[in-house]
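Taking it in order: structure first as C-alpha cells, then the write-up.
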2 protein chains.
Amino acid sequence: MGGRVGLIFVKLGGSVITDKAKPFTEREYVIKRLAREIHSAHIHTGLRLLLGHGGGSYPHIPANQYKTYLGLIGEDSRIGIALVQDAAARLNRIVVNALISEGEKAVSIQPSCAAVSRDGRIVSWDLRPIRLMLNLNLTPVPYGDVSMDLSTGCSILSTEELFRYLGLKLRPHRVIVGSDVDGVYNQDPKKNSAAQKIPLITIENVNSVLPSLGGANNIDVTGGMRSKVLSLLELAKMAGVECEILDISKPGNLEDALNGKKGVGTIIRKA
Amino acid sequence: MGGRVGLIFVKLGGSVITDKAKPFTEREYVIKRLAREIHSAHIHTGLRLLLGHGGGSYPHIPANQYKTYLGLIGEDSRIGIALVQDAAARLNRIVVNALISEGEKAVSIQPSCAAVSRDGRIVSWDLRPIRLMLNLNLTPVPYGDVSMDLSTGCSILSTEELFRYLGLKLRPHRVIVGSDVDGVYNQDPKKNSAAQKIPLITIENVNSVLPSLGGANNIDVTGGMRSKVLSLLELAKMAGVECEILDISKPGNLEDALNGKKGVGTIIRKA
C-alpha cells in the first residue's frame with residue numbers, strides 16, 4: 001500500500017448535503033451534523049483530512065441548463081461557466097462555514113482557479129498551497145466545479161475526478177466517499193428492494209459489476225455511479241489506496257469510518 | 001510600454017465596497033452600481049478585464065484579531081487562517097453575484113488556494129486558469145486573501161500585491177485602483193482640508209512624496225496608502241504599465257476611466 005499514513009480523503013456527496021430535487025437547496029442540519037462528526041473524529045484520531053464535496057442541486061442546475069460538461073458549445077456557454085462556478089462556490093461557503101462553526105480549521109479550495117483539464121481530466125494543478133495547508137493540519141475543502149479545459153474550452157470536475165488527481169499526488173491512506181446509499185448495488189436500491197449490495201469491487205470483478213451500474217440520472221452532470229466507481233478504481237490501482245463508498249446520511253456512519261471502521265459500505269481496492 | 005493592449009486591471013477598494021467601521025458590512029448598492037458601470041464599459045470597449053477587490057470590513061476583522069499578517073504566531077493562528085479565508089470568500093461571492101446579475105461573466109479567483117508567498121510576497125502562482133479565462137473574455141475576480149507563506153507560515157495578500165504579481169505576468173495596458181479618495185494626497189484629505197492631491201507619482205518624485213503618506217490605519221492589515229503606492233510603482237516600473245488611483249465612490253468615475261478617461265485621480269507610472 002503506497003498510502004501516506006495519516007491522510008484521509010472524505011467526500012460529502014451532493015445528494016447528501018443538498019436536496020437534488022429542489023434547486024439551490026442545501027440540507028442545513030445534515031451538513032451541520034456531518035461537520036460535527038468530522039471534527040469529532042479529526043480531534044480523536046489526529047489524522048490529516050482533505051474534505052471534498054459534490055454540488056448537488058447547486059451547480060448541477062446551471063451545468064445542466066448550459067450543458068457545461070459538453071464544453072463551449074454556444075454563445076451562452078460562457079455565462080454558464082460563471083453561473084456554475086458561482087453556484088459551486090456558494091454551496092462550498094455553506095459547507096466551510098458549518099465546518100468552521102464546529103471548530104474545524106477548514107479552508108476552501110476552488111478547483112476552477114487552480115486546476116486545468118483536458119477532455120474533463122485534470123492535467124495540471126499546483127498543489128503546493130494544499131500541501132502547505134495539510135502540513136499545518138488545516139482541512140482543505142475542494143469541491144465539484146467547472147474547469148478551464150484545453151480541449152473543449154470548459155468542463156465539469158466531479159469530486160471523484162478531483163480525488164483521482166489529488167490522490168495520485170498526495171497519496172492518502174484511505175478514501176471515504178459519502179453517499180446516500182450504503183454502497184454500490186447491482187440494481188438501484190431506491191427502485192428495487194431486491195437490489196443487492198456489492199461488498200467489494202476490485203480489478204477482478206469490476207467487469208462483471210459495471211454493466212449493472214446505471215449511468216447518470218437526470219440531474220447528475222458528473223456521470224453517476226458508474227463513472228464514480230471507475231474513477232475510484234483508477235485511484236485504487238494507481239495510488240494503492242483503499243476507497244469505500246458509504247451511506248453518510250445515517251448519523252454516525254462517517255464518524256465511525258473516520259475512527260477506523262471498515263466495510264459498512266462497498267470497498268473499492270486494487271485486489 | 002510593455003502592456004498587452006486590451007487588458008485592464010481594476011481594483012474595487014475595500015473601503016468602497018464595505019463600511020470599514022462596521023464588521024462584515026458590505027455596501028450593497030455601491031457594489032451593484034460599480035458592477036453596472038463595469039459591465040457597461042466592458043460591453044462598450046470590448047476590452048478584457050481582470051477585477052480585483054479588497055476585503056474591507058470582512059477579512060480585515062479576523063486578520064486583525066489573529067494578526068494573520070504576522071504569520072503563525074500562536075495556536076490560534078490556524079483558526080485565523082480559516083476565518084480570514086472564509087470572510088474574504090464571502091465578500092467575493094457578494095461581488096461576483098452582483099457582477100453576474102449585471103450580465104458580467106465573472107469568475108472568482110481564490111488566491112489562497114493557488115498562490116504561495118514568501119514574507120508576504122507572491123513567489124509562485126500557476127496562471128494558466130486565469131489566462132484561459134481571459135482568452136474567453138471571462139472576467140477573473142481575485143481578492144485580498146490569506147496565503148500559505150514559505151517563510152512565516154501564513155500571510156495576507158493585498159489586492160496591490162496580487163496586481164504586482166499578476167501585472168508582471170499578464171502585462172495589462174492599464175491598472176485602475178478604485179479608492180474612496182480621489183487620488184494620493186500629501187496629507188489625509190479626510191482630516192485636513194488643506195491636503196493637496198498629487199497628480200503624478202514617478203520614480204523621480206516618489207521619494208519626496210512618500211514621507212507624507214501615512215501607514216496603515218487601524219483596520220487596514222494590508223499596509224495603507226504608502227505600501228499601495230510602492231506596490232503600484234514597482235508594477236509600473238517592471239511592467240511599464242500606467243496605474244491610476246481614483247475615487248470610484250463617485251458615480252460614473254469608474255465607467256469613465258474604463259472608457260478611456262485619464263488623470264481624474266493620481267497617476268503612477270515609471271517616468
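Residue numbering restarts at 1 for every chain, and letters A, B, ... go by the order of the sequence lines.
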Inset, instruction - Output yes when a side-chain donor or acceptor of A/Gln85 lies under 3.5 Å from a complementary backbone atom of B/Val107, and no otherwise. - result: no
Inset, instruction - Identify which part of B/Leu150 has an atom lying under 4.5 Å from any heavy atom of chain A, answering side chain, backbone, both or neither. - result: side chain
Legend entry - Interface residue of largest heavy-atom contact number with chain A, from B/Leu83, B/Leu127, B/Asn137, under 4.5 Å: B/Asn137
Legend entry - Region of B/Ala106 that comes under 4.5 Å of a non-hydrogen atom in chain A: backbone
Inset, instruction - Say whether, by atom type as modelled, one donor and one acceptor occur between the side chain of B/Arg90 and the main chain of A/Arg93 under 3.5 angstrom. - result: no
Legend entry - B/Ile130 portion near chain A, given a 4.5 angstrom heavy-atom threshold: neither
Inset, instruction - Quick one: which of A/Pro129, A/Ala115, A/Gly153, A/Ala89 has the most heavy-atom pairs under 4.5 Å with chain B, could you say? - result: A/Pro129
Legend entry - Top contributor to chain A contacts, counting heavy-atom pairs under 4.5 Å, from B/Ser147, B/Ser77, B/Ala82: B/Ala82
Inset, instruction - Sort B/Thr139 into side chain, backbone, both or neither according to what part of it lies under 4.5 angstrom from a heavy atom of chain A. - result: neither
Inset, instruction - Mind listing the closest non-hydrogen atom pair of A/Met148 and B/Leu136 along with its distance? - result: SD-CD1, 4.0 Å
Legend entry - Spacing of CZ belonging to A/Arg128 relative to OG belonging to B/Ser124, to within rounding of 0.5 Å: 3.5 Å
Inset, instruction - Select one option (side chain, backbone, both, neither) describing which atoms of B/Leu99 are under 4.5 Å from chain A's heavy atoms. - result: neither
Inset, instruction - Rounded to the nearest 0.5 Å, what's the gap from CG on B/Asp126 to SG on A/Cys113? Could you check? - result: 10.0 Å
Legend entry - Most chain A-contacting option - heavy-atom pairs closer than 4.5 Å, from B/Asp86, B/Ile109, B/Ile79, B/Val116: B/Asp86
Inset, instruction - Name the member of B/Ser108, B/Ala114, B/Pro111 that forms the most heavy-atom pairs with chain A at distances under 4.5 Å. - result: B/Ser108
